[in-house]
Structure formats: structure tokens, C-alpha cells
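Here's the structure, in C-alpha cells; my notes come after.
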Amino acid sequence: MIPLPDFDLKPGVGAGKMTFGMSPQDVRQVMDGEPVIFRKTPSDDFPCDFFSEAGVFCYYDKSGRLNAIEFTQPARPVLGGFAFVGMEFEPAKVILASLGHEIEEETDSAISFGLGVSIYSSLAKDDAAAPVETVLIFREGYYG
């Protein structure tokens with residue numbers, strides 16, 4: 001298998017070749033493979049894409065424009081020289097905070113609204129050394 005490229009996270013802009021505001025068709029042109037198309041909840045205005053071979057979820061706003069990208073293994077999202085997926089959760093929170101913006105902490109996640117980036121680990125509430133499972137980059141307005 002050919003190794004996947006790193007996805008350079010660009011706060012406020014997007015990641016890799018994907019930029020916020022792209023249509024699903026534009027996203028599918030820059031990503032390899034066919035996505036699984038699904039709705040996170042029945043009330044979602046627009047379906048999401050999951051590129052399973054890359055470990056990339058693409059979320060769209062009610063107008064069908066890319067407004068968030070979530071990464072899980074095998075994806076390698078990189079921010080400030082750090083690849084967060086697989087990193088221990090507690091050190092990952094410290095690094096995220098060190099990138100210059102305050103973070104909002106939960107037992108299983110940390111969100112930097114200033115950067116538009118969050119990290120998540122379902123096991124972190126019981127083990128601070130649990131690995132980061134996902135990294136989300138989002139544009140302003142994604143959370144409400």
C-alpha cells in the first residue's frame with residue numbers, strides 16, 4: 001500500500017488540497033477513492049462524505065459547502081509540525097494549547113476555537129495516555 005500524504009492543517013482555510021467552501025464534487029475531485037455518503041443525524045441538512053481508505057470525513061453546511069474535515073487513522077493531519085492522530089491525549093492537549101490559542105477542555109476532547117481545531121479520544125476520560133483518535137478542523141460558525 002502506498003503511504004498517504006500528510007494533510008497540512010491550515011486554520012481558517014482547510015487541509016491539504018481541500019478548502020472550506022468547496023462543494024462535495026470539488027472535494028471528491030481532490031480526494032482519492034469513492035466516498036461513503038451518509039448523514040450523521042437524520043436532521044442533517046446535507047450528507048457527509050467518508051473517504052475510508054484515507055481516514056477522512058468531510059462535513060458540509062446546509063448549503064452543501066465544506067465546513068469541517070475530520071481525520072482518523074490512517075490519515076496524518078499535521079499542525080505546527082505535530083501529527084496528532086495516535087499521539088497521547090494529555091501531551092496533545094498541551095501542544096494544541098501551545099499553538100497560541102486558548103482551548104476548551106472536556107474529559108475526552110480539546111477544542112481551540114481560535115485555531116478552528118479539535119482533538120478527541122474516547123478513552124481519554126479513563127486514561128490520559130490514550131491516543132488521539134480524531135482531529136477536526138473547522139471553519140468559523142461550525143459549532144453554532
Side-chain angles (χ1 to χ4, degrees), residues 1-22 24 26-62 65-144:
M1 185 169 146
I2 298 171
L4 293 171
D6 291 348
F7 288 93
D8 183 34
L9 301 185
K10 297 170 260 189
V13 176
K17 295 178 183 176
M18 295 175 285
T19 57
F20 296 132
M22 291 176 91
D26 292 338
V27 169
R28 293 169 190 157
Q29 286 181 351
V30 299
M31 291 294 295
D32 290 329
E34 285 297 314
V36 173
I37 300 169
F38 70 100
R39 291 184 191 274
K40 287 194 312 185
T41 68
S43 63
D44 280 351
D45 291 316
F46 208 87
C48 310
D49 288 337
F50 176 48
F51 297 90
S52 59
E53 289 185 24
V56 176
F57 293 86
C58 295
Y59 304 122
Y60 304 95
D61 63 19
K62 64 183 175 184
R65 297 296 172 181
L66 185 67
N67 69 346
I69 310 160
E70 187 170 20
F71 301 90
T72 190
Q73 289 187 346
R76 274 186 44 89
V78 177
L79 179 65
F82 297 97
F84 286 91
V85 173
M87 182 184 292
E88 288 185 8
F89 185 71
E90 198 60 38
K93 282 195 317 187
V94 171
I95 292 168
L96 184 61
S98 77
L99 295 175
H101 294 272
E102 195 172 308
I103 63 170
E104 184 175 302
E105 294 184 49
E106 301 290 333
T107 57
D108 59 359
S109 65
I111 304 170
S112 171
F113 287 101
L115 287 172
V117 174
S118 68
I119 58 174
Y120 170 79
S121 173
S122 63
L123 303 173
K125 58 184 159 272
D126 298 319
D127 179 8
V132 170
E133 296 167 30
T134 68
V135 174
L136 179 76
I137 185 166
F138 54 92
R139 73 175 175 184
E140 190 172 341
Y142 175 74
Y143 278 105

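Computed from heavy atoms alone, side chains included, the values below leave out hydrogens, waters and symmetry copies.
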Practice problem: Please work out whether the ring planes of F7 and F71 are parallel, tilted or perpendicular, with thresholds of 30° and 60°. | Solution: tilted
Practice problem: Please state whether the rings of F57 and Y59 are parallel, tilted or perpendicular, taking 30° and 60° as the class boundaries. | Solution: parallel
Can you tell me how far the [atom1] atom of [X] sits from the [atom2] atom of [Y], to the nearest 0.5 Å?
X: R76; Y: D8; atom1: CZ; atom2: CG; value: 11.5 Å
X: F82; Y: I95; atom1: CZ; atom2: CD1; value: 4.5 Å
X: L66; Y: I69; atom1: CG; atom2: CD1; value: 4.5 Å
X: I103; Y: I119; atom1: CD1; atom2: CD1; value: 7.0 Å

Exercise. Of all the heavy-atom pairs spanning M18 and C58, show the shortest one and how long it is.
Key: SD-SG, 3.7 Å
Self-check item: Sequence-distant partners of S98, side-chain hydrogen bond (donor to acceptor under 3.5 Å, both in side chains), two or more places apart
Solution: none
Practice problem: Please assess H101 against V117 for the test side chain to side chain contact (heavy atoms under 4.5 Å, CB included), listing each intermediate value before the final yes or no. | Solution: CA-CA 10 Å; H101 294 272; V117 174; over 6 Å; no
Quiz item: Within the distance-only criterion (no hydrogens, no angle test), does the side chain of T72 pair as donor or acceptor with the backbone N or O of E133 below 3.5 angstrom?
Solution: yes
Self-check item: salt bridge (charged side-chain N to carboxylate O under 4.0 Å, His left out) partners of residues 103-122, not counting sequence neighbours, each pair once
Solution: K93-E105
Do any side-chain atoms of residues 31-40 form donor-acceptor pairs under 3.5 angstrom with protein atoms, and if so which ones, sequence neighbours left out?
residue	atom	partner	partner atom	Å
R39	NH1	D44	O	2.9
K40	NZ	Y142	OH	3.3

Practice problem: Please list, chain by chain and in numerical order, all residues satisfying side-chain contact (heavy atoms from CB on, under 4.5 Å) with F46, sequence neighbours excluded. | Solution: P24, Y60
Quiz prompt | Listed partners of K17 passing side-chain contact (heavy atoms from CB on, under 4.5 Å), at least two apart | solution = V30
Quiz item: Do L115 and L9 have side chains that get closer than 4.5 Å, going by heavy atoms?
Solution: no
What donor-acceptor contacts under 3.5 angstrom involve side-chain atoms of residues 123-132, with partners at least two apart or in another chain?
residue	atom	partner	partner atom	Å
K125	NZ	S122	O	3.1
D127	OD1	A129	N	2.9

